[in-house]
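The structure presented is a predicted model; accordingly, all values stated were derived computationally and were not measured. Chain naming here is simple, since letters A, B, ... match the order of the sequence lines and numbering starts at 1 in each.
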Amino acid sequence: MALCIQGVAVARGGVPVLSGVSFTVAPGTALILRGPNGAGKTTLLRTIAGLQPPLSGRIDGAEETIAYAGHADGLKAMLSVTENLTFWAQVFGQSDIDAALAAYQLDPLADRLAGTLSAGQKRRLGLARLMVTGRPIWVLDEPTVSLDAQAVAMFAQAVTAHLAAGGMALIATHIDLGLNAETFDITPYRAQPEQRSGASDEAFL
Amino acid sequence: MALCIQGVAVARGGVPVLSGVSFTVAPGTALILRGPNGAGKTTLLRTIAGLQPPLSGRIDGAEETIAYAGHADGLKAMLSVTENLTFWAQVFGQSDIDAALAAYQLDPLADRLAGTLSAGQKRRLGLARLMVTGRPIWVLDEPTVSLDAQAVAMFAQAVTAHLAAGGMALIATHIDLGLNAETFDITPYRAQPEQRSGASDEAFL
Amino acid sequence: MIALLRRDLMLAFRAGGGFGLGLAFFLIVTVLVPFSVGPQSDLLSTIAPGVLWLGALLACLLSLDRLLALDFEDGTLDLLATAPLPLEAALSIKALSHWLTTGLPLVIAAPVLGVMLNLAPAGFIWVIASLALGTPALSVIGTFGAALTVGIKRGGLLMSLLVLPLYVPTLIFGAEAARRGAIGLDGTTPLILLAGITLGTIALMPFASAAVLRMTLR
Amino acid sequence: MIALLRRDLMLAFRAGGGFGLGLAFFLIVTVLVPFSVGPQSDLLSTIAPGVLWLGALLACLLSLDRLLALDFEDGTLDLLATAPLPLEAALSIKALSHWLTTGLPLVIAAPVLGVMLNLAPAGFIWVIASLALGTPALSVIGTFGAALTVGIKRGGLLMSLLVLPLYVPTLIFGAEAARRGAIGLDGTTPLILLAGITLGTIALMPFASAAVLRMTLR
Amino acid sequence: MPELGKYATEVLAAYGASLTLLAGLVLLTLRKGRRARAELARIEARKDA
Amino acid sequence: MSLWEYANPVKFLGLSARLQPYLWAAAGLCVTVGLVWGFFWTPDDFRQGSTVKIIYLHVPAALMAINAWFMMLVTSLIWLVRRHHVSALAAKAAAPVGITMTLIALVTGAIWGQPMWGTWWAWDPRLTSFLILFLFYLGYIALWEAIDDPDTAADLTSVLCLVGSVFAVLSRYAVNFWNQGLHQGTSVPVATGGRTVADVFWYPLLISMVGFGLLFLALVLYRTGTEIRLRRSRALLARSRGDA
Ligand code: HEM
Ligand SMILES: Nc1ncnc2c1ncn2[C@@H]1O[C@H](COP(=O)(O)OP(=O)(O)OP(=O)(O)O)[C@@H](O)[C@H]1O
Ligand SMILES: Nc1ncnc2c1ncn2[C@@H]1O[C@H](COP(=O)(O)OP(=O)(O)OP(=O)(O)O)[C@@H](O)[C@H]1O
Ligand SMILES: [Mg+2]
Ligand SMILES: [Mg+2]
């Protein structure tokens, strides 16, 4: 089932930042979100992941199908790589973590505490988490922060494999990921002051 | 008086990361530090600023002459821009903050709480703090993170003015700042396992 | 569910995980009481049940701020909220692991501290019973307070302020049962009321906590 | 120096700054005491001086974790350490501002709470005097504890564990003076000893705190 | 077995508790020591390999 | 050759490996002899009955509890002044031994108190100050556990040990001022210049005290070795990570 966004408006801190956003992500495809800093990419992705409600518009196909990865990785410094990954696998009702470890070349680090990893290694572990969720739609917010070129290639390959298996991906990023995917620029959808309807303080205007 | 580094070795978390670093920064000049992630730039700058002792070597001219700006800005979210700047000016025995506000075009924001600024504006405020310290040596760790092109230009101009007044600057960065300055690459000084002497855990090897 | 419980317990036992700190705080508060009210043993034995209850309550309270805040800071809560596990269940599990790592040790330690406070021999069983019945309610209510203040930096004191009034009914019935028991009366009535409160909060509070947490995460 | 003091006070009074939270905690703990030990007024008036001291001590303790941790997280401590102000002076100022925002309000509020606890009329002056003399020591010792645990995530409970035993002498002399005063005896000797501790800690502890802080910043 | 009189429980409890604590300390110490040795041996073997 | 050479971990490990067999044997022998003698072959006290037998555990444990803290104070100072790692690690190794000794003194004292004073616990100054010592040990160990960087942990715990010692002494006087107690005065000759127990009790007690002291030494040496090995593992791991 496709992910379908129709006329969505989102707000941050009570102020609308985007309005009228519509797009569709079909199975087997990825969509890259672009826009300058502060445009509202993070806000949009959190809305799609169900962490906050949209001001208006419809989001279809996002029920229990989304694996979200934001700026923070949700790793525990005092648990080892395997323990972290196993935990998330169990939360999502999966059990196999070997494929994820292999895809991001984490095997040599499997017994290290996550707190002793470098930033890039941590990020790799955070991305490996996506592969143990078994969810079809990956919603990723700047996934390649602090990754080096080799790790970016690992990531691109993991996404390609996920798409080939019928999955979907929605990725906000500033850099080129080397993925074969459409791009969607959110700059034109910035909420204009006069359009700002539906904000929580609308009643006071 | 110049800043003079002679044969300095530094360690992080008990492990030496750099050794045998020597350079001099003369009044009126800037030095750009370069090196890949994890090379030890931050560690070196913190050592020079006096926040941690060097393993070996001499650092001359760093007594009470350094204004340090690291990854964190030392701003209080609940104080306004003016209040933040005034506080740091008073700590360093200065009183005039107008020049600093003007140099980074912070006047329109002067009464905003620092917590409501965007990341780039926060960074500008953090850099403006350098100008109210009255210290001759600026030691800056990736000062242009999250700044846009216009703000980078403001920063370059502020540094140039500081140098013209006889100041010095030591800047670690990954990008091109448009400054007329020498570059110093620390990659060759990475501590080799066999050279690693003086580390705190040396006795255990 | 089991995975979450196991992870929380594992984290509590790892270095810096905070297991035992609540216990230590309980010990210290009970030790400081004689210093502040004086060493007369009859006075101490009169106030012993109350002091044990108050100490347990404060120890619970102080360990609450690591219940959710750490998971919030490193993004685990965001991810849990999008996981198939209902947030209500996740929060119940968190409350359970808080009780296992804080409340249960307090119950077990209470008799030892009771000795130091000259608790009357008849009172031990009542103190233990009332703490065993009451501390789960403290953990569940505390989870609600932690969810309310999770986004606030260093919200510890604010959380204490929000949670302490909510603790009042539990404290009243629990301390009453312990006190009656210690002077040889029958404490069954307050104990039953206490059990009622505990069951009620366990059944209902997780919904409030989850609702509040969804709002803070937004 | 003045700038740092003014900034700390300003921050304490701004939203979320924590001014008054210590006071509220003090209030709540004192209110919970009758619930836990029972409402008999003679019992309450016997333990009133001790409860006031213990409540003040816990309120001080709980507000300590914002004393340095916030400044550490946003980098202010790094910058202060490289500023011309000696770190010892900076920490003394921080302790002073902690006392002004926490200790002083407690001293002022103590008589009101004393009324609620049936404190004997003769005791008021002694309770106030001992708190006024003793709370500065609590702030100064607390600053040391805060400096020890500043780099540790959610070190609050650990800090309590480290600081509470250090509070023992202050508590003993302070509560002793208040207690003697409340039963009509002369509390001058413990009060003098208390003043000695306070002066000693004010004179010496900032050096220990600054040394420890330099180690953690390293 | 000596005649302990009416205080037998106390004396035996004191000896029992203390010896348990001491034995526990010694056992924990030895266990931790053995683990540390094994760990170090493993790491050194890997380094040399 | 100076004593400081043993501040080198490798040298230290060698020496302690050579010493330890003798130490363990002597400690085991003395503790066994002292306790067995005390338990089986001493008469009952006319007042305290068979409970005097507790003294062979109680007093040595109490003595070692205080001595362990004192040793930690000295080694902490050495670490702060001369930065010898073995010194800091010895302090770390001694703390759990010290806290166990404190616990033994508290438990045996409590058990003794029931027949003698009719109560398990009284807020007697000596008992109370032991309880405070227990708290100091707890805090010290918790601080070691909480800090990742070993040198910072050594620094901070050393300062805590210094400051804690001052406050422990202060507390001792404060507690004395606050409450006069039930507990016996000391009968160890060095403290009073003469002793107050009869020879029948004294000799096994002396042997037991020596035994506890030797046991403490053996345990601390062994545990210090363990800490050194852990530190070495950590250093090697850090190196191999740095090389990668
Ligand atoms: C539970 C708490 C107790 C603690 C913490 C404690 C602590 C100590 C300490 C530190 C010492 C060594 C003092 C020294 O030799 O200078 C000691 C010695 C002693 N204690 Fe206790 N004690 C406790 C309870 C008791 C009780 C209940 C009794 C028995 C009535 C008792 C009888 C003794 C005796 C006979 C000595 C030897 C004193 C001497 O050297 O002659 N203690 N205790
Ligand atoms: N807590 C807040 N209160 C008010 N406004 C906020 C808050 N957080 C963010 N904003 C504003 O909301 C807008 C959208 O922020 P968002 O984080 O979605 O941007 P983004 O596109 O993800 O930017 P980036 O590329 O930097 O990650 C920004 O203009 C920002 O200034
Ligand atoms: N707490 C720590 N414990 C052990 N090693 C650490 C710790 N922090 C950093 N390191 C290591 O020390 C080395 C130097 O780190 P440093 O932060 O100085 O690098 P840098 O040159 O500033 O890198 P960047 O460009 O990413 O800022 C890195 O290899 C890093 O992995
Ligand atoms: Mg973003
Ligand atoms: Mg850096």
Side-chain angles (χ1 to χ4, degrees), chain C residues 16 18 20-25 27-29 31-38 40 43-44 46-55 57-59 61-63 65-66 69-70 73-74 152-161 163-165 167-169 171-176 178-180 183, chain D residues 16 18 20-22 24-25 27-29 31-38 40 43-44 46-59 61-63 65-66 69-70 73-74 152-158 160-161 163-165 167-176 178-180 183:
Chain C
L21 283 178
L23 200 54
F25 185 83
L27 171 68
I28 294 184
V29 168
V31 169
L32 290 185
V33 165
F35 291 139
S36 41
V37 305
Q40 309 90 312
L43 175 63
L44 286 177
T46 319
I47 62 173
V51 170
L52 289 176
W53 253 93
L54 197 59
L57 190 148
L58 290 176
L61 192 70
L62 291 183
S63 50
D65 76 338
R66 35 196 326 143
L70 290 175
E73 280 163 17
D74 65 14
I152 301 169
K153 272 206 175 176
R154 305 272 145 193
L157 204 49
L158 176 61
M159 190 182 55
S160 312
L161 211 52
V163 169
L164 274 178
Y167 277 177
V168 167
L171 175 66
I172 289 182
F173 291 125
E176 178 76 18
R179 227 160 349 112
R180 287 206 189 167
I183 54 175
Chain D
L21 283 178
F25 185 83
L27 173 67
I28 293 187
V29 168
V31 169
L32 289 185
V33 165
F35 289 133
S36 44
V37 305
Q40 311 90 310
L43 176 63
L44 284 179
T46 320
I47 62 173
V51 169
L52 289 177
W53 252 93
L54 196 61
L57 190 147
L58 290 176
L61 191 72
L62 291 183
S63 49
D65 76 337
R66 30 194 335 138
L70 291 176
E73 280 164 17
D74 66 14
I152 302 168
K153 272 205 176 177
R154 305 272 144 195
L157 206 49
L158 176 61
S160 313
L161 184 58
V163 167
L164 276 177
Y167 275 177
V168 167
T170 317
L171 175 64
I172 288 183
F173 290 128
E176 179 79 18
R179 220 151 8 99
R180 290 202 186 170
I183 54 175

Check whether any side-chain heavy atom of C/Ile28 sits under 4.5 Å from a side-chain heavy atom of D/Tyr167, and report yes or no.
no

Identify which part of C/Leu52 has an atom lying under 4.5 Å from any heavy atom of chain D, answering side chain, backbone, both or neither.
neither

Just so I know, are the side chains of D/Leu57 and C/Phe35 near enough to count as touching, which here means a heavy-atom distance under 4.5 Å?
no

Please name the residue in the list C/Leu58, C/Leu62, C/Leu32 that meets the side-chain contact (heavy atoms from CB on, under 4.5 Å) test with D/Leu58.
C/Leu58

Which atoms of D/Leu61 are under 4.5 Å from chain C, going by heavy atoms: the side chain, the backbone, both sets, or neither?
side chain

Among C/Gly38, C/Pro49, C/Ala48, the residue with the most heavy-atom pairs under 4.5 Å to chain D is C/Gly38

Given heavy-atom pairs under 4.5 angstrom as the criterion, report whether the side chain, backbone, both or neither of D/Ser63 touches chain C.
both

Part of C/Leu27 lying under 4.5 Å from any heavy atom of chain D:
neither

Non-hydrogen side-chain atoms of C/Val37 and D/Thr46 separated by less than 4.5 Å:
no

